[in-house]
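See below for the structure under consideration.
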Amino acid sequence: MSYVRCQRCGERASMRLHQHRLNFCKEHYFEWVLKQTDSTIQKYDMFGKKTRVLIAVSGGKDSLALWDVLWRLGYQADGFFIDLGIDAGIGYSAHSKHFAADFAAARNLSLQVIDLRAQYGEGIPELARRTQRGKGRPCSLCGMVKRHLMNETAVAGGYEVVATGHNLDDEAAVLFANVLGWNQEQLQRQSPTLPRRGGMPAKVKPFFRLYERETAAYALLQGIPYVYEECPFAEGSTSLSHKVILNQMEDQSPGTKMRFVMNYLKAKQSGFFLQETHAEIVAELHPCPKCGQATASPNFCVFCRTMEH
Ligand code: Q46
Ligand code: ZN
């Protein structure tokens with residue numbers, strides 16, 4: 001019987017990468033993912049072997065796969081999980097925390113957990129009901145809370161860099177939305193690496209050149225248990241519908257998402273978009289009088305204003 005073979009060893013292939021025209025068995029697929037990630041980290045100067053990296057872990061496939069890869073590559077990455085207090089009848093946050101904690105325990109890695117409700121008296125659903133920003137869909141509020149707590153934890157723990165598990169599909173969907181809305185500011189800023197800013201840690205996305213199906217396959221083949229359910233609030237989001245459209249284009253022409261993101265980065269580098277200088281970005285910011293985080297809003301930062309009631 002004929003079957004597709006791994007191009008390294010000739011064994012039966014477990015993974016076919018259409019856009020790269022590569023086929024691998026399990027072991028050589030792992031090797032390829034590790035190599036790809038390491039080359040992204042180095043090419044984009046994300047961090048070194050001695051840098052203390054804080055990784056934002058959600059309990060999903062991307063962040064756990066990233067943590068696993070960084071751990072295998074010998075980077076110093078500690079985990080950070082926020083219990084957002086989202087239940088929605090499926091125990092979403094509790095379930096996610098369980099996967100993150102089990103992953104860390106199995107590898108003897110350190111995971112910090114922040115429980116939003118225990119610490120601030122409200123989880124995302126209550127915050128969304130109470131505040132204007134959360135009306136209808138809590139994602140913008142949730143994103144703001146996550147960014148704030150991530151910065152706070154990184155600064156308190158002396159981490160220079162925060163890494164997230166965003167993959168190529170995520171980056172392409174954000175870029176797609178930014179292009180559709182001609183969101184100039186975001187088109188200038190979207191990047192797999194954001195430098196340290198106003199005392200805040202750098203933000204990096206070491207998986208941004210891997211397709212979602214590649215990170216999912218890594219987690220699955222590596223036997224990493226992760227939360228399968230999407231956050232219930234993600235349902236019906238524009239970002240999910242943009243992903244469906246991008247997937248249709250990718251099916252018709254493999255490599256579309258990769259070209260979209262990589263050519264955007266090239267265009268940006270060659271001066272296609274006006275670049276803000278680092279000095280200009282920092283000049284707009286001032287420290288929040290309450291928490292000290294850099295903010296562009298007058299007086300207190302959005303997080304402190306949201307939490308104060
Ligand atoms: S956790 Fe939060 Fe996401 Fe849920 S409420 Fe929206 S932003 S969808 S990644
Ligand atoms: Zn503040």
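Start at 1 and go down the list; that is how both ligands and their atoms are numbered.
- Put simply, the side chain of Leu221 reaches to within 4.5 Å of the side chain of Tyr29, judged on heavy atoms.
- Not one N or O on the side chain of Asn23 forms a donor-acceptor pair closer than 3.5 Å with the backbone of Val4.
- For atom 4 (Fe) of ligand 1, the nearest non-hydrogen atom of the protein is Cys231 SG, 2.2 Å.
- Within the listing of ligand 1, atoms 5 (S) sit less than 4.0 angstrom from a heavy atom of Phe233.
- Residue Cys142 does not count as close to atom 6 (Fe) of ligand 1, with no N, O or S atom under 2.8 Å.
- At distances below 3.5 Å, at least one donor-acceptor pair connects side-chain atoms of Glu250 with backbone N or O atoms of Thr256.
- Remark: minimum distance from atom 6 (Fe) of ligand 1 to any protein heavy atom is reached at Cys139 SG, 2.2 Å.
- For the pair Tyr211 (side chain) and Gln19 (backbone), a donor-acceptor distance under 3.5 Å is absent.
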Exercise for the section: Apply ring pair (Phe, Tyr, Trp, His ring centres under 6.0 Å) to the pair Phe233 and Tyr92, showing each step before the final yes or no. Expected result: CA-CA 10 Å; Phe233 293 121; Tyr92 174 72; 8.8 Å; no
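- If you look at Lys146 next to ligand 1, the close heavy atoms, those under 4.0 Å, all belong to the side chain.
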